[in-house]
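Comments concern the structure below.
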Amino acid sequence: MVRPHGIRGEVAVEIRTDDPGQRFAAGSVLGTDPPAAGPLTVVSTRWHSGRLLVSFAGITDRNEAEPLRGVWLTVNAAQVTAPEDPDEFHDHELVGLTVVTTAGERVGVVTDVRHHGQDLLVIEPAADSHRRGEVLVPFVAAIAVDVDVTGGRMVIDPPAGLLDLASAGPAGVGSSAPRERAVPREQGAPREQGAPRGQGAPRGQGAPRGQVSSRGHVASRGQSASRGQGGGRAGSSAHRGRGKG
């Protein structure tokens, strides 16, 4: 949640879910991170300047809404349906996977999934690695050649030099990028209004695995991955597409 809006208790929310219409339907009960801020029951929603404004039960003025600034909204991962596409994964399924190369080198552990036009895996280097800082790897089938969620392992086949690039971000994938608290996935209107699926943003400091936060996307290898309550923040995903990243 970004900040209070107006004087009637509405809160501006950065969308991190593939289905805001379902996640924020009137009557929906959402967990929070930190837990002490919730749970919160959605009363109504409306779109304003490309951002979702949410009214919660019991929050009737700006003073009551102010403590919600910066709070994450979460949903139970069990409430998030499994993607139909075998190359699509919820963000919280990818976070925590151990990443190794096809040559057997242990790269590190996935700590986040960022959505910048294409999905990027944020990997914390292994303790014995010469790399320092986060490594960003495009989540595409040509690179993420095997994703074993059950086994907790991902095998990647990175192009030469990819793992050692110094710059980070969509234009220069690599390491040393500071983690932001959340570049909201929010880009515009809900899917009902034609917003493309998979525009998300970084997961920032996540909720525990099993908590899908209102970030809720699904990651697909290559096109563009959330966490929930019991897994992440409210329901997003990444798609392992066919590009090379």
Side-chain angles (χ1 to χ4, degrees), residues 1-82 90-93 95 112-113 115 179-193 195 197 199-218 225-237:
M1 291 182 276
V2 183
R3 59 177 175 272
H5 178 86
I7 61 174
R8 299 181 180 179
E10 290 181 305
V11 180
V13 175
E14 293 174 344
I15 299 301
R16 302 298 181 77
T17 175
D18 293 328
D19 193 352
Q22 176 185 355
R23 296 284 170 237
F24 294 96
S28 296
V29 179
L30 301 172
T32 59
D33 179 12
L40 297 172
T41 301
V42 177
V43 173
S44 63
T45 61
R46 66 188 179 94
W47 289 89
H48 176 72
S49 299
R51 178 163 284 164
L52 186 67
L53 302 181
V54 184
S55 294
F56 295 105
I59 309 297
T60 59
D61 61 35
R62 189 178 185 88
N63 289 335
E64 293 176 334
E66 184 62 37
L68 298 179
R69 184 190 295 266
V71 171
W72 286 93
L73 295 169
T74 67
V75 298
N76 194 296
Q79 298 174 343
V80 181
T81 57
H90 289 295
D91 288 8
H92 72 274
E93 295 179 295
V95 171
D112 202 354
V113 182
H115 304 273
R179 291 189 71 185
E180 55 267 24
R181 168 63 179 168
V183 175
R185 187 179 172 223
E186 173 242 299
Q187 274 118 22
R191 278 167 62 187
E192 292 81 356
Q193 298 181 12
R197 198 169 181 225
Q199 337 171 15
R203 248 212 276 233
Q205 300 174 358
R209 268 189 97 178
Q211 274 198 25
V212 167
S213 79
S214 237
R215 308 191 225 184
H217 350 279
V218 174
S226 163
R227 291 192 259 176
Q229 201 173 30
R233 302 213 160 151
S236 84
S237 60

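Numbering starts at 1 and runs along the sequence shown. Hydrogens, waters and symmetry mates are skipped; everything else that's a heavy atom, side chains included, is used.
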If only atom types and distance count, is the side chain of R62 paired as donor or acceptor with the main-chain N or O of G6 below 3.5 Å?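 At least one qualifying donor-acceptor pair exists.
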
Any donor-acceptor pair under 3.5 Å linking the side chain of E66 with the backbone of N63?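 Looks like no, no N/O pair under 3.5 Å.
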
Can you tell if the side chain of [X] reaches within under 4.5 Å of the side chain of [Y], non-hydrogen atoms only?
X   : Y   : answer
I7  : D61 : no
P20 : I15 : yes
M1  : R69 : no
L30 : W72 : no
L40 : L68 : yes

Could you check T32 against T74 for side-chain contact (heavy atoms from CB on, under 4.5 Å), going step by step and ending with a plain yes or no? CA-CA 5 Å; T32 59; T74 67; 5.7 Å; no

Could you pull out all residues at least two apart from T60 that satisfy side-chain hydrogen bond (donor to acceptor under 3.5 Å, both in side chains)?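 E64.
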
So which pairs with a foot in residues 1-10 pass salt bridge (charged side-chain N to carboxylate O under 4.0 Å, His left out), sequence neighbours left out?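 Checked against salt bridge (charged side-chain N to carboxylate O under 4.0 Å, His left out) - neighbours excluded - the pairs reaching residues 1-10 are E10-R46.
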
NE2 of H5 to OG of S55: how many Å apart, nearest 0.5 Å?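 These two atoms lie 10.0 Å from each other.
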
Sequence neighbours left out, what passes side-chain contact (heavy atoms from CB on, under 4.5 Å) with T45? Give chain and number order.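 For T45, the residues satisfying side-chain contact (heavy atoms from CB on, under 4.5 Å) (neighbours in sequence not counted) are F24, V42, L52, V54.
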
side-chain contact (heavy atoms from CB on, under 4.5 Å) with T41: which residues, sequence neighbours excluded?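 Testing T41 for side-chain contact (heavy atoms from CB on, under 4.5 Å), a comparison that skips the adjacent residues, returns V29, A57.
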
Heavy-atom pair with the smallest gap, counting every atom of G9 and I59: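 Minimum heavy-atom contact is O-CG2, 3.5 Å.
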
